[in-house]
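Beneath this line is the structure, given in C-alpha cells, with notes to follow.
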Amino acid sequence: MKVHISELQDHAGQSVTVSGWLYQKRSSGKIKFAVLRDGTGYLQGVIAKGEAADSALDDFERLTQESSFTMTGPVREDKRAPGGFEMTVKELTVIQVAGEYPIGPKEHGPGFLMDNRHLWLRSSRQHAIMRVRNEIVMAIRQFFYERDFVLIDTPILTGAIGETASTLFETQYFDLGKAYLAQTGQLYVEAGAMAHGRVYCFGPTFRAEKSKTRKHLNEFWMLEPEVAFNDSNANMQLQEDLVCYIMDWVLRKCRTELAALNRDISKLEAVKAPFPRISYDEAIARLQKAGMTITWGNDFGAPDEEKLMEEYERPLFVYNWPTECKAFYMKRNPERPDVVLCDDLLGPEGYGELIGGSQREDDHDLLLERIRAQKLPEESYAWYLDLRKYGSVPHAGFGLGLERVVGWVCGLEHVRETIPFARTIGRLYP
RNA sequence: UGGGGAGUGGCCAAGCGGUAAGGCUCCCGGCUGUUAACCGGGUAAGCGCAGGUUCAAGUCCUGCCUCCCCAGCCA
C-alpha cells in the first residue's frame, strides 16, 4: 500500500510503500541507511543484506542526494530513527538518479541560496516556513469565514489608482493606455463593503519601491478587510482579534515547524489581548523624551519603531497620525483636522509595521478636496467618489502584510524567506 | 540614492609581496545500527573584471562590475 510518511502511525507493523527523495544516506558495510523525504516527513529505511532484495542493495549504491526513489517494507516505531519511524526495506527502486546536488549539508550564502530557491524550498527550514505560511493563510480565511465576511477579489491590473503614483509597476493595456499592477485592493474592497457589509480581499500586491531592507518585497501578499459602519476603534478591535486568532492557530498547529525553526514559543504565547494603544502625539512625546530626534509630523524611522517597542512584548497600536503623512482616503478627525483616524500596528522584536488601517473619509466633498490637493487624476476616482454619493456610511479597514506576519511568527531575519519565490529589486530569477 | 562590508574549485573557507591550506560535495576502498557517522585514498580553482607598480601580486595602487548589511519608502 502506498502511504505518506505523515500517515505511518496508522500502519505500524504493516508493509507499505513510500515514494520520495533521498535526504541522506549512510552505510556501514553490510547495513545501510537511506533517509527518504516525501514532503510530509522523513523515514529512515534500513537496508540489510539478507533482508532486502539484491536489487535494492544495488539501487541503494546508485542513490545520490535528492535522487527520487521508492522503498517498500514493514514499518515500526523506532526512537533511533529520524522521524520516529523506521522501515526494514525489502524493495528499493530508483526513479531517477539526481545529478550533483548544489545545496550541501554545510552553510551557504544568501545569494547562492536565492539563486537556488527552487531547490532550497526542499530544505527542512524552508519547508517549515512554508508550512507556517500555509497555516497562517488558513487561519486568516477561517477567521473571516466564521465572521460572515465575504471574499471580494480585487483586480490586479488597474488604471491609475492607488496611493501614490511613483511606486507602480506599469504595462501597456491594449488601446487603453497604461495599466498598473495593483498596490492595494482597498478602494475596490470599499465598494464591496457597500454591497456586502463585511468583506476582505487577499492577494498579491505590487510596489515598485527601490527598498532593500529585510522588511520589503516588491511583490507581497496583503490581506485587506473592509467593514461598513465600523469606526477606527472597532477597526483596531478587529485587528487585535485577528492577530490573536492567528497566534492561537499557529501555536496549536505548527509546534513541529516552530521547533524546527528554533522559535522561542514564549515570545508568541505572550501575544495576548488587549494590545496597548497610544496616540501618535504620545508616541512622539515618548520618543523625544528617550532622546530621539523625531519631530511631530514625521513618519517613524526604523530606529524610532525599535525604541518605541523596547518595553512591549505584544504588538502596539499607534493611532491618529498627522494628516500630512498619510493617504488621501483616510478620514480626518472632526475635532482635530491635523490628524486622521488611523492606526499602525507595530510588531514586537523589531518586526515593524504589521498592519496599517484607517477609518475612511466618507464625506464626498472632503474626499474630493483631498484628491485635488494631492493632484491625483480626478477622472480615475469618479467611481470611488460615487461610493460617497449613494448611501455613504462610516467604514474602516486595514491592510496586513502576510510576509511580515510570517516572518514574525517564524522569527526570521528577512522576509525573502517567507514567500516561495521572492521578488526584490535585483531578483526576478528563479 | 547614501553609509558599511564582501567577491579565492560546484559549495564554504584560509592565505595579507615569494609561486594557492582545510572542510563539504563528488569518485574509489573499509566497517551489520548509522544519526550533518567514521577511517583510508583520489579528482577539481590561479584567486570578480580591466589596467598599473614590482625580479615576483589573491596579496600593493587605479577604475569598473556584482552581491550582502544598514538607512529612506512602506505592509
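Since the structure is predicted, the reported quantities are computational estimates derived from the model, not experimental observations.
Glycosidic conformation of B:rG42: anti, with the torsion beyond 90° of 0. Anti is the conformation of B:rG52, whose glycosidic angle sits further than 90° from 0.
A donor-acceptor pair under 3.5 Å links the side-chain atoms of A:Arg263 to the main chain of A:Trp408, judged by distance alone. Checked by atom type and distance alone, the side chain of A:Gln239 never pairs as donor or acceptor with a backbone atom of A:Phe398 at under 3.5 Å. Of the possible donor and acceptor atoms, none in the side chain of A:Arg117 sits under 3.5 Å from a partner among the backbone N and O of A:Pro430.
Base pairing analysis places B:rA56 opposite nothing; no Watson-Crick or G-U wobble pair with both distances below 3.5 Å involves it. Summarising the base pairing, B:rA20 is matched to no nucleotide, lacking a Watson-Crick or G-U wobble pair whose two defining distances lie under 3.5 Å. Base pairing annotation: B:rG9 forms no Watson-Crick or G-U wobble pair, as no partner gives both donor-acceptor distances under 3.5 Å. Across all strands shown, B:rU62 forms a Watson-Crick or G-U wobble pair with B:rA50, both key distances being under 3.5 Å. Pairing for B:rC38 goes to B:rG30, judged as Watson-Crick or G-U wobble with the two contacts each under 3.5 Å.
Side-chain nitrogen and oxygen atoms of A:Arg214 include none within less than 4.0 Å of the OP1 or OP2 phosphate oxygen of B:rC74. Taking 4.0 angstrom as the limit, A:Arg26 places none of its side-chain polar atoms (N or O) nearer than this to OP1 or OP2 of B:rG33. For the OP1/OP2 pair of B:rC69 and a distance below 4.0 Å, the side-chain nitrogens and oxygens of A:His414 include at least one atom meeting the criterion. Residue A:Gln183 places none of its side-chain N or O atoms closer than 4.0 Å to OP1 or OP2 of B:rA75.
Rounded to whole Å, the P atom of B:rA50 lies 38 Å from the corresponding atom of B:rG41. Distance noted for atom P between B:rC28 and B:rC69: 39 Å (whole Å). One P atom belongs to B:rG42, the other to B:rC60, and the distance between them is 33 Å to the nearest Å. One C1' atom belongs to B:rC31, the other to B:rC67, and the distance between them is 44 Å to the nearest Å. Only the C1' atoms considered, B:rU8 is 4 Å distant from B:rC47, to the nearest whole Å. Straight-line distance between the P atoms of B:rC38 and B:rA56: roughly 46 Å, to the nearest whole Å.
Checked against B:rC11, B:rC73, B:rU32, the side chain of A:Ser211 finds its nearest nucleotide in B:rC73. Residue A:Arg416 places its side chain closer to B:rC68 than to any other of B:rG33, B:rC68, B:rG72. Residue A:Lys212 places its side chain closer to B:rG72 than to any other of B:rA75, B:rG72, B:rU34. The side chain of A:Asp299 lies closest to B:rC73 when the candidates are B:rG33, B:rA75, B:rC73. The A:Ile31 side chain lies nearest to B:rU32 when the options are B:rA75, B:rU32, B:rC12. Picking from B:rC12, B:rG33, B:rG72 the nucleotide with the shortest atom distance to the side chain of A:Ser28 gives B:rG33. Closest contact between the side chain of A:Glu100 and the listed nucleotides B:rG33, B:rC74, B:rC26 involves B:rC26. Between B:rC68, B:rU32, B:rA75, one nucleotide has an atom nearer to the side chain of A:Glu353 than all others, and that is B:rA75. The side chain of A:Met222 lies closest to B:rA75, out of B:rC31, B:rA75, B:rC12.
A distance below 6.0 Å separates the ring centres of A:Tyr280 and A:Phe300.
Taking the ring centre of A:Phe328 as origin, the terminal cationic atom of A:Arg372 falls outside the region bounded by 6.0 Å and 45° from the ring axis.
Checking A:Gln186 against A:Arg360 by side-chain atom types alone, a donor-acceptor pair falls below 3.5 Å.
Stacking between A:Phe220 and B:rA75 is present: the aromatic ring centre lies within less than 5.5 angstrom of the base six-membered ring centre, and the two planes differ by under 30 degrees.
Taking 4.0 Å as the cut-off between side-chain N and carboxylate O, A:Arg76 and A:Glu86 count as a salt-bridged pair.
Residue A:Lys32 is classed as having no contact, given no heavy-atom separation below 4.0 Å to the nucleic acid.
Judged by atom type and distance alone, A:Arg427 does not reach the base of B:rC67 through any side-chain donor-acceptor pair under 3.5 Å.
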